[in-house]
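This report concerns only the one structure given below.
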Amino acid sequence: MNTVLLPQAPDGDRSQADALSGNGRSDGVSIGRTILLIDDNPAVFGAMDIAFRMAGHRLDGAKGPEEAMSRLATQRYDAILLDLNFTPGESSGEQGLACLARIMADDPAACVIVLTAHSGIRIAVAAMQAGARDFAMKPWRNADLLARVEG
């Protein structure tokens, strides 16, 4: 993450609140929860980003399991929203379950909420048995998804 430094005060002293992170937010200000969305659909990220920002949270995105594991190696998240399918036409949920297994192996206390549209309840239950904290069906209701993340 790049840090943007604002000009120093004439006395050379710069307060903590003057340092802006690469995302434009002050490092010294609490912004709620930090959430990682693992989903290959940019429209899903766009819609969720608006909802979570309006609720005071930050949403980071990963387009697939490999990008997600790279992010998780360098950043701790309060919650992880995990889609179960990443290949067009795929609906078995196997890709998401494999990613879930890797996340749980690295951090058994991770708060993972699986998202499913095609896989249905059977796969969502399998994800819960594999360590997911909760699941949400697509299309989701923003209030319900926020409650699951905040709960």
Side-chain angles (χ1 to χ4, degrees), residues 1-9 14-88 90-91 93 95-121 123-124 127-128 130-151:
M1 181 181 304
N2 296 333
T3 299
V4 177
L5 299 178
L6 297 178
Q8 291 186 352
R14 190 175 53 81
S15 72
Q16 174 85 325
D18 286 343
L20 294 180
S21 67
N23 63 9
R25 294 188 179 101
S26 173
D27 288 335
V29 177
S30 172
I31 58 166
R33 296 179 191 233
T34 304
I35 300 129
L36 176 63
L37 170 63
I38 309 168
D39 195 305
D40 60 321
N41 186 338
V44 171
F45 178 82
M48 282 192 190
D49 188 41
I50 292 168
F52 282 104
R53 275 190 295 125
M54 289 179 65
H57 306 301
R58 187 181 90 209
L59 185 69
D60 288 346
K63 293 179 181 125
E66 293 308 315
E67 184 180 348
M69 297 314 292
S70 293
R71 286 189 172 274
L72 289 166
T74 61
Q75 166 84 34
R76 175 145 171 68
Y77 291 93
D78 297 306
I80 301 164
L81 300 170
L82 173 63
D83 188 20
L84 291 178
N85 298 297
F86 300 99
T87 302
E90 179 65 41
S91 62
Q95 295 168 314
L97 291 173
C99 185
L100 174 62
R102 289 176 63 188
I103 292 168
M104 299 312 294
D106 288 346
D107 182 4
C111 175
V112 180
I113 300 165
V114 296
L115 302 170
T116 182
H118 306 289
S119 301
I121 299 296
I123 297 296
M128 301 272 295
R133 181 99 29 108
D134 206 343
F135 73 94
M137 299 294 288
K138 291 180 181 177
W140 67 92
R141 290 187 56 231
N142 287 339
D144 290 341
L145 194 55
L146 283 164
R148 291 180 194 316
V149 167
E150 294 170 348

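Keep in mind that this is a model prediction, so the values were computed, not measured.
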Shortest non-hydrogen contact between Ala110 and Ile103, atoms and distance: CB-CG2, 3.9 Å
Evaluation steps, side chain to side chain contact (heavy atoms under 4.5 Å, CB included), between Leu115 and Trp140: CA-CA 9 Å; Leu115 302 170; Trp140 67 92; 5.7 Å; no
Sub-4.5 Å side-chain heavy-atom contact between Leu81 and Ile38: no
Nearest-0.5 Å distance, CZ of residue Phe52 to CG of residue Asn142: 7.5 Å
Approximate separation, where rounding is to 0.5 Å, of His57 NE2 and Leu59 CG: 10.5 Å
Student check: side-chain heavy atoms of Phe135 and Leu84 closer than 4.5 Å: no
Exam field: side chain Arg33 to backbone Glu150, donor-acceptor pair closer than 3.5 Å: yes
Reported CD-to-OG1 distance for the pair Gln95 and Thr87, which is rounded to 0.5 angstrom: 3.5 Å
Atom pair OG (Ser70) and CG (Leu72), whose distance is rounded to the nearest 0.5 Å: 9.0 Å
Side-chain donor/acceptor of Gln75 to backbone N/O of Arg71, under 3.5 Å: no
From CA spacing to verdict: side chain to side chain contact (heavy atoms under 4.5 Å, CB included), Asp39, Lys138: CA-CA 12 Å; Asp39 195 305; Lys138 291 180 181 177; 2.7 Å; yes
Donor-acceptor contact below 3.5 Å, side chain Asn85 vs main chain Gly93: yes
Met69 and Asp106, any side-chain heavy atoms less than 4.5 Å apart: yes
Considering all heavy atoms, the nearest Ala136-Ile113 contact: N-CG2, 4.4 Å
Atom of Ala124, atom of Thr116 and distance for their closest heavy-atom approach: CB-CG2, 4.5 Å
Nearest non-hydrogen partners of Ala130 and Leu100, listed with the distance: CB-CD2, 3.8 Å
Asp49 side chain reached by Leu37 side chain, heavy atoms, under 4.5 Å: no
Test side chain to side chain contact (heavy atoms under 4.5 Å, CB included) applied to Arg58 and Ile35, step by step: CA-CA 6 Å; Arg58 187 181 90 209; Ile35 300 129; over 6 Å; no
For Glu66, salt bridge (Lys or Arg N to Asp or Glu O under 4.0 Å) partners two or more places apart: Arg102
Residue pair Asp40, Asp83: steps toward the side chain to side chain contact (heavy atoms under 4.5 Å, CB included) verdict: CA-CA 8 Å; Asp40 60 321; Asp83 188 20; 3.6 Å; yes
Note: Arg148-Asp134 ion pair, threshold 4.0 Å (strictly below): yes
Interatomic distance, Ile50 atom CD1 to Met54 atom CE [nearest 0.5 angstrom]: 8.5 Å
Point-to-point distance, once rounded to the nearest 0.5 Å, from CD1 of Ile80 to SG of Cys99: 8.0 Å
Exercise: identify the closest heavy-atom pair between Tyr77 and Asp60: OH-OD2, 2.8 Å
For Val149 against Ala79, the heavy-atom pair lying closest together: CG1-CB, 4.0 Å
Side chain proximity check, Asp107 to Arg76, heavy atoms < 4.5 angstrom: yes
